[in-house]
Amino acid sequence: MRTKIYNAAVLTVDPAGHVYDKGYVLFEGKRILEAGPGCGPDADTAIDGRGGILMPGMVNAHSHIPMIPFRSMGDDCPDRLRRFLFPLELEAMTPELVYLSSRYAVCELLLAGVTAVADMYYFEDQVARACDEMGIRAWTGETVIDMETCDSPGAEGGLDLCRELIERWKGHDRIHPMVAPHATNTNTPEMLKRAYELAESRGVPCMLHVSEMDYEMSHFREVYGKTPVEFLYGLGALGKNTVGVHCIHMTDRDIALMAETGAKAVHCAGSNTKAGKGISPVRDLRAAGVDVGIGTDGPSSGNTLDLFTQFKMIASLQKTRYHDRSLFPAREIVEMGTMGGARVLSAQDEIGSIEKGKKADLVLVETESVNMFPRYNPYSVLVYSAGASNVDSVWVDGKQLVKEGRLTEADLEDIRNRLETAMTSFRESAQRYAEFI
Ligand SMILES: [Zn+2]
């Protein structure tokens, strides 16, 4: 069955940057057939875009979606990771809570026009299951960390769970496994090397937090006389499968090493600045040829899963960092949030742009609301004016999952009620950390 969306400004994000001010997109099943100016050919179903903006589905390239129960808890508490996040996760996270939180988070992602998410957490098989059921595209990575966690006695167990996750999900059409060592400083060098080798041998991404913390930087400087990126390079753990999240404290040599090895970066502007950690040198990374995607980080760190919030922040922060208003024009920001994320996940041949043969992951943003008038440059509208509430319709694999701002397949109220019930013992455990939260 052929479906056509017409009467919309089509931002293809293809290599030539085609924009069809009054255009259409035609797709059949899961794949895009064509896009162009005008009304296009006849189709079985024709959807009027009502003058909105039709863009490729956004890619949230880094999150911890099961952390919904932590949102708005201890937001201003220093060293929250060790004071209450790690202990509370160990005590209160269960497979059921991860599963129900993930279902809730996917509602939020879809309603914000995010059609693909890369996640790393515990009980990641439950995240994969939830994402599969909800119809979103996902990269799911089991966390490997050198301490006891809610689903493993230590890093060795985490690596075993990665292997199981890969066995179960490799080859799935929408759900892709990853290996996810937590960070450069929370694993032994040996474990980082083994985690990367597993990812490389199975052809999956190896996602980890890199050059994020001040104490991470001083630790590597004092113990090894290196930066975390130099350290990963020395281990043989920096390569085309590496997805380095944050990359805040980067030297020129770090950036050159990432470019040389084909390692990727994910920028989480909201999470990084809320924590006062710094602003990643995204301009320099991109200028060196490093692929950069955009992530929100988890709902505990960034409080949102919506990329529109990041778009605005990235533009403002990068212009401010380099004292140059002309940097990061809106087109580049939208490109990072779509094709950039696709490249980071090595999925650029399948998603990230509106092109013939690619997956029909599409977002229609309405321009009828009060904040959306007038419209000159559609990229500017998306970066500086739009918010998740302007998302009208969303398709993943050609299936419409959001229509007129509402989920078509999922019952949000029921999903929230089930999560609320499952959070009872989590809330009780959280009382123990009341002084921090
Ligand atoms: Zn993170």
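Here the structure is a predicted model, which is why all the values come from computation and not from measurement. In what follows, every heavy atom counts, from backbone to side chain, and hydrogens, waters and symmetry copies are set aside. Throughout, residue positions are numbered sequentially from 1 according to the sequence presented.
In this structure, the side chain of Ser301 does not engage the main chain of Asp297 through any donor-acceptor pair within 3.5 Å. Checking side-chain atoms of Ser102 against main-chain N and O of Cys131 turns up no donor-acceptor pair under 3.5 Å. Counting only distance, with no hydrogens or angles, the side chain of Ser429 and the backbone of Glu91 share no donor-acceptor pair below 3.5 Å. No donor-acceptor pair closer than 3.5 Å links the side chain of Arg163 to the backbone N or O of Gly158. Gln310 places no side-chain N or O within donor-acceptor distance of the main-chain N or O of Leu307, the cut-off being under 3.5 Å. Asp397 contributes no side-chain N or O that, together with a main-chain N or O of Lys399, makes up a donor-acceptor pair within less than 3.5 Å. Side chain of Arg103 to main chain of Met134: no donor-acceptor pair is present (N/O by atom type, distance under 3.5 Å, no hydrogens or angles). In terms of modelled atom types and a separation under 3.5 Å, the side chain of Gln318 and the main chain of Ile314 share no donor-acceptor contact. Between the Ser271 side chain and the Cys268 main chain, no donor and acceptor come within less than 3.5 Å of each other. Put simply, the side chain of Lys264 gets close to the backbone of Lys240: a donor and an acceptor are under 3.5 Å apart.
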| request: Start with the C-alpha distance between Thr338 and Ser353, add both sets of side-chain angles, then the distance that settles side chain to side chain contact (heavy atoms under 4.5 Å, CB included), and finish with yes or no. | output: CA-CA 7 Å; Thr338 51; Ser353 62; over 6 Å; no

| request: Starting from the C-alpha separation in whole Å, work towards a yes-or-no answer on side chain to side chain contact (heavy atoms under 4.5 Å, CB included) for Val363 and Asp392. | output: CA-CA 8 Å; Val363 176; Asp392 181 89; over 6 Å; no

| task | Go through the steps to decide whether Ile437 and Cys77 satisfy the test side chain to side chain contact (heavy atoms under 4.5 Å, CB included), and finish with yes or no. | result | CA-CA 7 Å; Ile437 57 183; Cys77 172; over 6 Å; no

| request: Apply the test side chain to side chain contact (heavy atoms under 4.5 Å, CB included) to residues Leu407 and Cys107: give CA-CA distance (whole Å), side-chain angles for both, the deciding distance (0.1 Å), then the verdict. | output: CA-CA 7 Å; Leu407 297 161; Cys107 294; 3.6 Å; yes

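A side-chain donor from one of Asp284 and Tyr322 sits under 3.5 Å from a side-chain acceptor of the other. Side-chain polar atoms of Trp169 and Asp132 form no donor-acceptor pair below 3.5 angstrom. In summary, the side chains of Thr3 and Glu28 do not present any donor paired with an acceptor at a separation below 3.5 Å, with no hydrogens or angles considered. Side-chain contact of Asp119 with Ser63: a donor-acceptor pair under 3.5 Å is absent, judged by distance alone.
Summarising the local packing, NZ of Lys403 is surrounded by 12 or fewer heavy atoms from other residues, nucleotides or ligands at distances under 6.0 Å. For Glu96, the CD atom sits in a loose shell: 12 or fewer heavy atoms of surrounding residues, nucleotides or ligands are nearer than 6.0 Å. Within a 6.0 Å radius of CZ in Arg283, more than 12 heavy atoms belonging to other residues, nucleotides or ligands are found.
Applying the side-chain contact (heavy atoms from CB on, under 4.5 Å) rule to Ala16 yields the partners Asp14, His18; only residues at least two apart in sequence or on another chain are considered. Residues satisfying the side-chain contact (heavy atoms from CB on, under 4.5 Å) criterion with Glu190, sequence neighbours excluded, are Thr188, Arg194. Applying the side-chain contact (heavy atoms from CB on, under 4.5 Å) rule to Asp411 yields the partners Glu413, Asp414; only residues at least two apart in sequence or on another chain are considered.
Of the candidates Tyr215, Phe231, Tyr233, Phe220 forms a ring pair (Phe, Tyr, Trp, His ring centres under 6.0 Å) with just one, namely Phe231. Here the rule is side-chain contact (heavy atoms from CB on, under 4.5 Å) with Phe27, and of Ile354, Leu33, Leu362 only Leu362 fits it. For the ring pair (Phe, Tyr, Trp, His ring centres under 6.0 Å) criterion with Phe70, the lone passing option out of Phe426, Tyr433, Phe84 is Phe426.
Under a 4.0 Å N-O distance rule, the pair Arg31/Glu350 qualifies as a salt bridge.
Separating the CZ atom in Arg406 from the CG atom in Leu110 is a distance of 14.5 Å, to the nearest 0.5 Å.
Legend: ring pair (Phe, Tyr, Trp, His ring centres under 6.0 Å) pairs involving residues 182-212, not counting sequence neighbours, sorted by first then second residue: His62-His209, His64-His209, Phe86-His182, His182-His209, His209-His246. For residues 93-143, the ring pair (Phe, Tyr, Trp, His ring centres under 6.0 Å) pairs, not counting sequence neighbours, are Trp139-His176.
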Which atom pairs, one a donor and one an acceptor, fall under 3.5 Å between side chains of residues 286-296 and the rest of the protein, sequence neighbours left out?
from	atom 1	to	atom 2	distance (Å)
Arg286	NH2	Glu332	OE1	3.3
Thr296	OG1	Asn60	ND2	2.9
Thr296	OG1	Thr304	O	3.4

